[in-house]
Amino acid sequence: MSESTTDILAQLGRPLLGVSVSVWRGDRVLLIRRGRDPGRGLWAPVGGKVALGERLAEAALREVREETGVECRLTPLSDLREMIMPARDGRPASHVVLAVYGADWISGEPVAGDDAEAASWFAPADFDGLAMVPGTVPYILATRRLIGGGAP
């Protein structure tokens, strides 16, 4: 989400709906390095905004294609992740609700596109060495269990 989107959210005074998708290929998950704020330069699952009239699953698949060129098959909705960012005065500056999905890789090799600086596969053991968006690891690992991978 760009800074202008954050400004618009603050003006509207209501939450933004988005999606987050952890695509798994065996024991590795697809992550992107964010090219825009918030989180510019940090690694995270693929994600983005849901357009008006777009179903959550459609938005999830679209975001994966736009940001990485990868095709995947979604698992059922894993969780909802809620982020409320405070302004300097303590009032909410933004409020984002993400529908969290897991997915199985079908085809394609990741190529950074849209608002991603980079895209690559990582094993959970690699997470400690990555600058990641805070709070994402539990959501990523929960999606792994949904696709039958058990605890990593």
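Taking the side chain as every heavy atom from C-beta outward, Ile140 and Leu31 approach each other to under 4.5 Å. For the pair Leu42/Pro134, a side-chain contact is recorded, criterion being any heavy-atom separation below 4.5 Å from C-beta on. Looking only at side-chain heavy atoms (C-beta outward), Leu16 and His95 stay at 4.5 Å or farther from each other. Counting heavy atoms from C-beta outward, Leu130 and Phe122 have side chains that approach closer than 4.5 Å. Looking at Arg34 and Glu67, their side chains never come closer than 4.5 Å, going by heavy atoms from C-beta outward. Side-chain contact between Val23 and Val64 is present, with at least one heavy-atom pair separated by less than 4.5 Å. Residues Pro124 and Leu141 meet the side-chain proximity criterion, which asks for heavy atoms closer than 4.5 Å. Annotation: side chain of Val70 is in contact with side chain of Leu30 (closest heavy-atom distance under 4.5 Å).
The two atoms that bring Ala112 and Ala116 nearest to each other are CB-O, 3.6 Å, heavy atoms only. Heavy-atom minimum distance, Ala59 versus Lys49: CB-O, 4.5 Å.
Between Arg62 and Glu58 there is no salt bridge, since none of the side-chain N atoms of the basic residue sits less than 4.0 Å from a carboxylate O of the acidic one.
Distance OG1/Thr68 to CD/Glu66: 10.0 Å, rounded to 0.5 Å. Once rounded to the nearest 0.5 Å, the distance linking OG of Ser20 with OH of Tyr139 reads 9.5 Å. Here the straight-line distance linking atom CZ of Arg73 with atom CH2 of Trp105 works out to 11.0 Å at 0.5 Å rounding. Thr136 OG1 to Arg81 CZ: the interatomic distance, rounded to the nearest 0.5 Å, is 6.0 Å.
Here Glu71 pairs with Arg65, Ile106, Ser107 under the side-chain contact (heavy atoms from CB on, under 4.5 Å) rule; sequence neighbours left out. Ser78 pairs by the side chain to side chain donor-acceptor pair (under 3.5 Å) definition with nothing, not counting sequence neighbours.
Val19 and Leu74 fall within a single hydrophobic cluster, where Ile, Leu, Val, Met, Phe, Trp and Tyr side chains are chained together by heavy-atom contacts under 4.5 Å. Each of Val133 and Ile32 belongs to its own hydrophobic cluster when Ile, Leu, Val, Met, Phe, Trp and Tyr are linked at side-chain heavy-atom distances under 4.5 angstrom. Residue Met132 is grouped with residue Trp24 when hydrophobic side chains (ILVMFWY) are merged at heavy-atom distances under 4.5 angstrom, including chains of intermediate members. Cluster membership check: Leu80 does not share its hydrophobic cluster with Met83, using side-chain heavy-atom separations under 4.5 Å among Ile, Leu, Val, Met, Phe, Trp and Tyr. No continuous path of hydrophobic side-chain contacts links Val96 to Val21 [ILVMFWY only; heavy atoms under 4.5 Å].
Thr75 places a side-chain N or O within donor-acceptor distance of the main-chain N or O of Gly102, the cut-off being under 3.5 Å.
Evaluation of the side chain to side chain donor-acceptor pair (under 3.5 Å) test over residues 116-131, restricted to residues two or more places apart or in two chains, returns Arg33-Glu117.
The distance between the ring centers of Phe127 and Trp43 does not fall below 6.0 angstrom.
Applying the side-chain contact (heavy atoms from CB on, under 4.5 Å) test between Leu56 and each of Leu98, Leu61, Leu17 identifies Leu17 as the sole match.
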